[in-house]
> 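Quick one: this structure, given as structure tokens, is what I'll be asking you about.
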Amino acid sequence: MLLISLWILSASRSDGRRGTVFSHLDLELFCSLPSANNILRVYVNSSSENLQYPVLFVVRQQKGVLSWQVPLIFRGLYQRTYNYQEVSRTLCPSEPTPETGPSDQIIFVDVASMAPFNIAYELLVTRLENFQLETNKAFNFTASPSQPQYFLYKFPQDVDSVIIKVVSDAVYPCSVVSVQDIVCPVYDLDHNVEFNGVYQSMTKQAAITVQRKDFPGEQFFVVFVIKPEDYACGGNVNRTWNLQRTKNLQVTIVPSIKSQYLWKCCFSQVPPALQAVCIHLRDVFQSTDVKLTVPFGSVSIAGSGIMASSHPITASTPEGSSYGAIDESSSSGGHQLSSPERGPPAGSDTDSSVEEESDFDTMPEIESDKNVIRTKVFLYLSDLSRKDRRIVSKKYKIYFWNIITIAVFYALPVIQLVITYQTVVNVTGNQDICYYNFLCAHPLGVLSAFNNILSNVGHMLLGFLFLLIVLRRDILHRRAMEIKDVYTLDYGIPKHFGLFYAMGIALMMEGVLSACYHVCPNYSNFQFDTSFMYMIAGLCMLKLYQTRHPDINASAYSAYASFAVVICLAVLGVVFGKNDMWFWIIFSMIHVLASLALSTQIYYMGRFKIDLGIFRRAAMVLYTDCIQQCSRPMYMDRMVLLIVGNLVNWSFAIFGLLYRPRDFASYILGIFICNLLLYLAFYIIMKLRSSEKLLPIPMFCIVATAVVWAAALYFFFQNLSSWEETPAESREKNRPCILLGFFDDHDVWHFLSAAALFFSFLVLLTLDDDLDVVRRDKIPVF
């Protein structure tokens with residue numbers, strides 16, 4: 001029962017003018033608080049618009065005081081003010097005490113104004129019928145900037161975590177959803193809603209995951225505040241809004257995944273992967289008894305102990321199918337096979353005693369002058385694998401050790417930074433800092449979205465598995481070298497595993513850095529997620545080039561220096577690429593010039609000197625070959641590849657200059673991936689054109705790579721959030737989990753992309769296994 005009494009007091013001043021009007025309203029409420037059926041809401045309205053003399057309302061409760069004025073003033077961007085004549089506030093429920101008894105609670109409402117004239121106001125006190133939210137039951141209500149709403153939720157006995165889902169049909173007005181502990185006063189106005197609990201802005205959709213352990217009382221308030229303007233949600237700051245900014249909202253609280261099931265999801269995928277790793281690790285160390293020479297026709301494959309054929313080069317490419325149109329014996333690598341140190345293979349049909357002098361070039365410079373060899377029209381692998389194998393292997397092992405050093409120095413500051421981000425989110429409660437998929441963000445400990453972090457374990461496990469596969473091949477190859485197996489010394493592609501080891505480390509580090517990025521994904525740290533993707537794409541291109549050019553590939557120092565330049569450009573693009581036209585002009589020029597310089601190096605096999613005179617020499621070559629005599633390019637296949645490659649890169653440069661994409665890191669990654677795919681397609685086409693074969697294992701890996709990449713990209717383009725927009729707009733794209741009730745579309749992308757990269761690496765590892773029985777002076781270079 002409510003007992004209401006009202007007094008109007010009047011005072012006189014010494015000058016005779018009418019005094020200030022004071023109004024005092026005393027409410028005595030006999031009820032037990034808090035209760036879902038005995039929660040009071042105070043509505044006030046005043047016709048006065050004089051900001052100099054507002055009407056002041058003060059509500060005194062058992063443990064707190066709530067006050068506001070009418071007109072209620074909100075300040076927006078650029079000191080804009082918004083005045084509201086109607087205000088409605090829910091009074092904070094108070095716990096009963098032994099002194100007052102279980103049913104007696106007294107609330108006082110004081111109304112006052114300093115105006116020198118009468119002010120009319122209206123005051124209405126109502127009892128809320130629906131104050132406590134229920135699990136799995138939608139509740140609809142309306143709120144405005146001056147009439148915020150909040151409700152109570154109590155955890156059921158069997159629920160440890162819930163997701164608060166809020167939806168609205170209208171994008172604007174912008175609103176804020178907050179979760180606060182049961183403490184009075186409740187912060188339910190625009191200027192103070194951020195003072196307590198966790199909160200996030202909202203347009204059409206919001207979701208907050210709440211755990212029972214965070215609330216000792218096992219209950220909390222869900223607060224809904226409408227902002228006076230929409231700038232925080234991406235609205236037009238210059239737009240004039242009607243002050244009646246009401247918004248219809250629907251809130252539903254559903255149980256989240258249980259902690260026991262969460263741990264099951266965490267480790268359900270680890271045992272199968274670890275089992276595969278352990279089996280392969282066992283095979284690595286049990287490969288001692290594997291025979292290195294097997295019957296004719298067998299070739300080395302991933303995970304196999306088979307190394308090469310026991311018969312000579314009769315298994316090489318068919319007659320007339322070699323690359324080029326000259327006699328295959330013209331390669332200068334023939335002398336390598338008949339060196340006294342090794343001797344010809346037993347039963348070989350190529351005996352140095354019957355070779356004539358006319359079969360190979362006897363110029364003395366052939367051993368010393370690289371220009372004589374590398375400018376030949378038709379090159380064979382023996383021409384570009386003349387350096388001592390130990391020196392070349394050591395050169396490529398530097399890739400492995402350098403990438404480990406880079407990974408340590410790069411990852412540690414990243415880990416420290418994202419931990420700081422997560423700490424700020426946890427301390428301030430501002431969930432607008434990180435761009436999660438809040439409808440499928442499962443917290444664990446201090447981490448807000450553990451599922452997005454866990455899904456990167458595939459990169460680390462598959463990267464480690466690839467390292468074991470490479471290690472096994474490396475061990476088998478070294479044993480073959482120790483017994484001087486002729487097919488290891490003189491047949492097939494020279495085996496150098498340093499780049500493969502570096503690729504495995506890069507795949508593992510991609511998982512680590514992607515996990516770091518997903519600790520708190522936002523605009524500032526997105527480049528962490530892509531940095532090692534640049535390295536993976538670059539290392540794959542270097543490996544493809546190394547396959548047919550083992551002696552002239554880039555050194556680890558120059559390669560990683562180039563990657564460092566790319567990462568620097570990515571950082572600059574994040575900072576300046578959004579609006580700075582000059583940055584895009586400079587970057588496009590660097591991109592085009594770098595493409596031309598690299599094309600020149602590739603076309604002339606590294607013999608075109610890059611210095612200040614490069615432009616003069618390039619102009620001279622163009623004039624001589626293209627204008628003066630218009631001769632056919634000496635290296636037609638390389639020319640076609642480089643023309644197509646430059647057109648693709650110039651198209652990227654023009655696109656960037658015209659559209660200036662905000663996601664600069666993804667833009668650079670797209671350049672790398674397109675160049676890698678272009679080079680891989682060229683390599684496979686040239687391989688098939690040279691009558692080389694694709695064995696079942698690499699063919700399976702190619703098909704698996706294409707299928708898994710297609711599936712992965714499908715899930716990648718299911719945008720669940722976007723830091724290119726405001727946090728509220730990003731949450732409009734959030735979607736529920738699709739796998740095991742724990743992983744979302746982006747987590748599936750992580751799983752599939754890890755598998756796709758793994759198969760891509762296996763393609764490079766096994767692509768030329770068919771050449772293990774072909775002599776190197778019969779393997780064309782392209």
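All of these numbers come straight from a predicted model, not from anything done at the bench.
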> Evaluate ring pair (Phe, Tyr, Trp, His ring centres under 6.0 Å) for F220 paired with F215, printing each intermediate quantity in order.
CA-CA 7 Å; F220 55 83; F215 296 93; 5.2 Å; yes
> Find out whether F715 and S753 are in side-chain contact, i.e. whether some heavy atom of one side chain is under 4.5 Å from a heavy atom of the other.
no
> So, R735 and Q718: side-chain donor and acceptor under 3.5 Å apart, yes or no?
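Side-chain D/A pair, R735 to Q718: present.
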> Is the F74 ring parallel, tilted or perpendicular to the Y84 ring (thresholds 30°, 60°)?
perpendicular
> If we ignore angles and hydrogens, is there a donor and acceptor under 3.5 Å between the side chains of E729 and T203?
no
> State, yes or no, whether a side-chain contact exists between D745 and I738 at a heavy-atom distance under 4.5 Å.
yes
> If we ignore hydrogens and angles and just use 3.5 Å, is the side chain of Y517 paired with the main-chain N or O of V512 as donor and acceptor?
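Answer holds: no.
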> Could you tell me whether D169 and K204 make a salt bridge, using a distance below 4.0 angstrom between a side-chain N and a carboxylate O?
no
> For the pair H518 and H746, name the ring-plane relationship: parallel under 30°, tilted 30 to 60°, perpendicular over 60°.
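Tilted: the ring planes of H518 and H746 meet at 30° to 60°.
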> Do F438 and Q200 have side chains that get closer than 4.5 Å, going by heavy atoms?
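A side-chain contact under 4.5 Å exists here.
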> Would you check if the side chain of D230 reaches a backbone N or O of C174 as a donor-acceptor pair within less than 3.5 Å?
yes
> Just by distance, no angles: are the side chains of E122 and S46 close enough, under 3.5 Å, to form a donor-acceptor pair?
no
> Measuring only between side-chain heavy atoms, which start at C-beta, is I536 closer than 4.5 Å to E510?
yes
> Will you find, in the side chains of S144 and R245, an N or O donor that is under 3.5 Å from an N or O acceptor?
no
> Between F155 and Y153, what is the ring plane arrangement, given parallel below 30°, perpendicular above 60°, and tilted in between?
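Aromatic pair F155/Y153 classed perpendicular.
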> Tell me whether R212 is salt-bridged to E218, with the criterion being a basic N under 4.0 Å from an acidic carboxylate O.
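A salt bridge links R212 with E218.
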> Could D432 and R731 be called an ion pair, given the rule that one side-chain N must be under 4.0 Å from one carboxylate O?
yes
> Of N452, D744, N719, which meets side chain to side chain donor-acceptor pair (under 3.5 Å) against N437?
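Only one of N452, D744, N719 forms a side chain to side chain donor-acceptor pair (under 3.5 Å) with N437, namely D744.
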> Scan side-chain atoms only and decide if E724 and S722 contain a donor-acceptor pair under the 3.5 Å cut-off.
no
> Cation-pi check for Y82 against R75: NZ or CZ below 6.0 Å from the six-membered ring centre and within 45 degrees of the axis, yes or no?
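Ring-cation test returns no.
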> After noting the C-alpha distance and the side-chain angles of L56 and W68, does the key distance pass the side-chain contact (heavy atoms from CB on, under 4.5 Å) rule?
CA-CA 6 Å; L56 306 178; W68 66 90; over 6 Å; no
